[in-house]
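Everything numeric here is computed off the predicted structure, so don't read it as measured data.
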Amino acid sequence: MKKVFLFLFLFLVMVSGVKAVAPVGNVDSVDNGVIYGWALDSDLDGPIPVHIYVDGKLLEDVLANIPREVGVGVHGFSYKYAPLGYGNHKVEVYAIGVNSNNGADGQNTLLNVKYINTGCNGLVADENEWCRNNNNYWVNRQRDTTYLWNQHIRIGINNSYGGLISQLYSNDRSFNLIEEHGGSAVQISLYGYDLTKGNGGYYFVSDGSICTKYNSQAECQNANGGKACAPRGAANGDHVANCSSVRTCNGVDAGWPFNPIQAQAIGCAWEHASNDVSYSASCGANCWETTLNNPANYSKSTSFNGMVINQKVSLVDVYAKVDYKITYSGPYTLSEHGQEIPAFFTNAGVDKTYQFYNGNSPGNLNSPVTDVALDVGDRTLAFPSYNQGAQPYDRSKEYWMGVCNQDSSKCVTIASFSPEVKQVTMKKMADTGSYIGPIGFFNIYPGMNKNITLYIFPYKYNAVINGKSIRQRILELAVANGIQIVAPIAVPTVVPTQPPLPTVNIPQPTAPPKPTSIKISGDYDGNGVVNLADFGIWKGKYLAVPPTMTLADFGVWKRAYLTSN
């Protein structure tokens, strides 16, 4: 009887399958902005995932599917990364083990560890200066930053700088489209004068070194050796620094209004626990939420107590949806100001042209968009609800704008349908990229509760991804937000060559078991045409067959599964 049970046990072990084998591979180099190597798993005749960690944080996952030398085959990986800044950055790469059905089997292998230490090389303008003078920001950037990504967009939220958005990438992961440091990037910045003690106008020394009030510019300059002086229309309230208990920060004058922002710390510091977020956690798939209580003032050494900035960043398709909730329960009723929701600084070079729609057929994708050169200095783009001031301005009729580099290879497009957002201030910075500030006009008061949403696309408005342009997506978002489009939305820029096909079962007689029900569009590379390239993508994803293929194979595949000519 014991022999029977032993035989049965051995039989069950045999039919249950062979134990999973761990993947193997190597990190060949991390030089010249590229992490390069290979990884394969003998359990699967196909590419496997590779996870890239920098300084202990998961940076991104890639697929090891690049042709390599004999003996390695189509199992290479290559990842271009943006400059990491000051410090010695540890790179760890894991080959993720899979079974014959392409499912994770838990057998992950740490490939060899490498280090990157290039100092401030690759960073330009403000980023380079910040790198040299604020080393800890770059040393801690991996530890403090949360990353969200898909194949079209990658975004980083820095939890130790108030939750500001510090990294934004398109499918080009080697170039950060926004400035990455605490003083810039993308962050809420609010303003307001305390008018409780009157609205008398005075002059202050512009650099904030002296906090005395003067009745005229001449008096201010004569008393201070000809120094530049700034007028302030409201100069009696508690927002005025006194140079003792309340010092000035960042070289602004003592009469500057209250200016709470996400990244600033109290005491005029940038590295301090006071600008760490009060709460951070996942808010769902590819979503990250932060809360910052009592943000510090950019202009002075104190906090703005009673204010709470809650921020949710979620990835949807090719854009990031950023939901801001700003509440205030403090004692002050402050003047109405142009509030930066948010201040948005692009990286060097992304400052040559900007785009908006001012035609007579808003909502019509065939109606041309204005694309003009951006000059140094301020330029105002008015949204349809704008009615502030009499200065000349551009007019947008579709609640979005964009900015690009010279050849439009690096672009950012933003949109907002929140009623508070009246305009976008545009400025080409003299020593870096551009400033694009969605501006809301409102004041801060006890009980204030503002909910504002921003949509960020790391592409130009006319970029077509998966058969749909960025502008079409924005117009669809406008409708979803209750915005009336005057003209009907036109046919998409790229029309698919065939209607969507129903779910079909794909027989795989020559391969190990695969998912048996997939939805086929045919156009896997998104160029609007079903061709040999699509067949290669489809085959590499769903079939484990030899790498050779011919046009005849493609024809058979199309007839069998796509019912097209």
| remark: With sequence neighbours left out, the residues meeting ring-ring contact (aromatic ring centres under 6.0 Å, His included) with Tyr435 are Phe345
| field | Residues Lys321 and Asp323 bridged, charged N to O under 4.0 Å | value | yes
| task | Quick one: list whatever passes salt bridge (charged side-chain N to carboxylate O under 4.0 Å, His left out) with Asp317, sequence neighbours left out. | result | Arg473
| note | Of Gln264, Gln339, Glu340, the one forming a side-chain hydrogen bond (donor to acceptor under 3.5 Å, both in side chains) with Ser189 is Glu340
| message | Does Gln167 form a side-chain contact (heavy atoms from CB on, under 4.5 Å) with Tyr147? I'd like the steps, not just the answer. | response | CA-CA 9 Å; Gln167 298 178 51; Tyr147 302 103; 3.4 Å; yes
| CA sep, side-chain torsions, deciding dist, call: Tyr461, Gln472, side-chain hydrogen bond (donor to acceptor under 3.5 Å, both in side chains) | CA-CA 8 Å; Tyr461 73 92; Gln472 182 179 348; over 6 Å; no
| request: Please identify each residue that fulfils side-chain hydrogen bond (donor to acceptor under 3.5 Å, both in side chains) with Ser166, with sequence neighbours left out. | output: none
| task | Would you please say whether a donor-acceptor pair under 3.5 Å links the side chains of Ser396 and Asp394? | result | no
| Should the heavy atoms of other residues, nucleotides or ligands under 6.0 Å from CG of Asn32 be counted, would the total exceed 12? | no
| side-chain contact (heavy atoms from CB on, under 4.5 Å) assessment of Ile474 paired with Tyr455 | CA-CA 9 Å; Ile474 292 173; Tyr455 300 91; over 6 Å; no
| Would a 4.5 Å heavy-atom cut-off, applied to side chains only, mark Trp288 and Ser280 as touching? | yes
| Is any side-chain heavy atom of Phe417 less than 4.5 Å from a side-chain heavy atom of Thr453? | no
| request: Please lay out, stage by stage, how Arg471 and Tyr357 fare under the test side-chain hydrogen bond (donor to acceptor under 3.5 Å, both in side chains). | output: CA-CA 10 Å; Arg471 186 180 171 204; Tyr357 181 78; 4.9 Å; no
| query | Of Gln187, Gln262, Glu289, Lys325, which is the lone residue that meets side-chain hydrogen bond (donor to acceptor under 3.5 Å, both in side chains) with Gln311? | reply | Gln262
| Intermediate values then yes/no, side-chain contact (heavy atoms from CB on, under 4.5 Å), Asn466 and His152 | CA-CA 10 Å; Asn466 294 334; His152 302 298; 3.6 Å; yes
| field | Any Leu190 side-chain heavy atom under 4.5 Å of His337 side chain | value | no
| request: Sort and list the pairs that fulfil disulfide (SG to SG under 2.5 Å) and have at least one residue in residues 153-190, not counting sequence neighbours. | output: none
Under 3.5 Å, sequence neighbours excluded: what are the donor-acceptor pairs made by side chains of residues 115-123?
{"from": "Asn121", "atom 1": "ND2", "to": "Thr118", "atom 2": "O", "distance (Å)": "3.1"}

| query | Sub-3.5 Å donor-acceptor pair from the side chain of Tyr459 to the main-chain atoms of Asn171, do we have one? | reply | yes
| query | Between the side chain of Asn347 and the main-chain N/O of Glu179, is any donor-acceptor distance below 3.5 Å? | reply | no
| query | Sequence neighbours excluded, which residues qualify as salt bridge (charged side-chain N to carboxylate O under 4.0 Å, His left out) partners of Asp371? | reply | Lys460
| request: Mind jotting down which residue pairs meet the salt bridge (charged side-chain N to carboxylate O under 4.0 Å, His left out) criterion with at least one end in residues 73-94? Sequence neighbours excluded, please. | output: Lys90-Glu92
| task | Any pair with a residue in residues 131-143 that passes salt bridge (charged side-chain N to carboxylate O under 4.0 Å, His left out), sequence neighbours left out, goes on the list, sorted by first then second residue, please. | result | Arg141-Glu180
| query | Do the side chain of Asp144 and the main chain of Asn159 share a donor and acceptor less than 3.5 angstrom apart? | reply | no
| message | Just to verify, which of Val93, Asn112, Leu111, Val72 counts as forming a side-chain contact (heavy atoms from CB on, under 4.5 Å) with Asn26? | response | Asn112
| said: Is there a side-chain contact between Asn140 and Tyr161 in this structure, where contact means two heavy atoms from C-beta onward sitting under 4.5 Å apart? | reply: no
| message | Could you go through Ser434 and Thr346, starting from their C-alpha distance and side-chain angles, then the distance that decides it, and tell me whether this counts as side-chain hydrogen bond (donor to acceptor under 3.5 Å, both in side chains)? | response | CA-CA 5 Å; Ser434 59; Thr346 65; 2.7 Å; yes
| request: Only counting residues at least two apart or in another chain, list the ones meeting salt bridge (charged side-chain N to carboxylate O under 4.0 Å, His left out) with Asp28. | output: Arg68
| said: Show me the pairs that pass salt bridge (charged side-chain N to carboxylate O under 4.0 Å, His left out) and involve residues 153-175, at least two apart or across chains. | reply: Glu60-Arg154, Glu60-Arg173
| request: Classify the ring geometry between Trp130 and Tyr137 as parallel (under 30°), tilted (30 to 60°) or perpendicular (over 60°). | output: perpendicular
| Please, which pairs that meet salt bridge (charged side-chain N to carboxylate O under 4.0 Å, His left out) have at least one residue in residues 345-357, sequence neighbours excluded? | Asp351-Lys428
| field | Partner residues of Thr291 under the side chain to side chain contact (heavy atoms under 4.5 Å, CB included) criterion, sequence neighbours left out | value | Tyr279, Asn293, Val308, Asn310
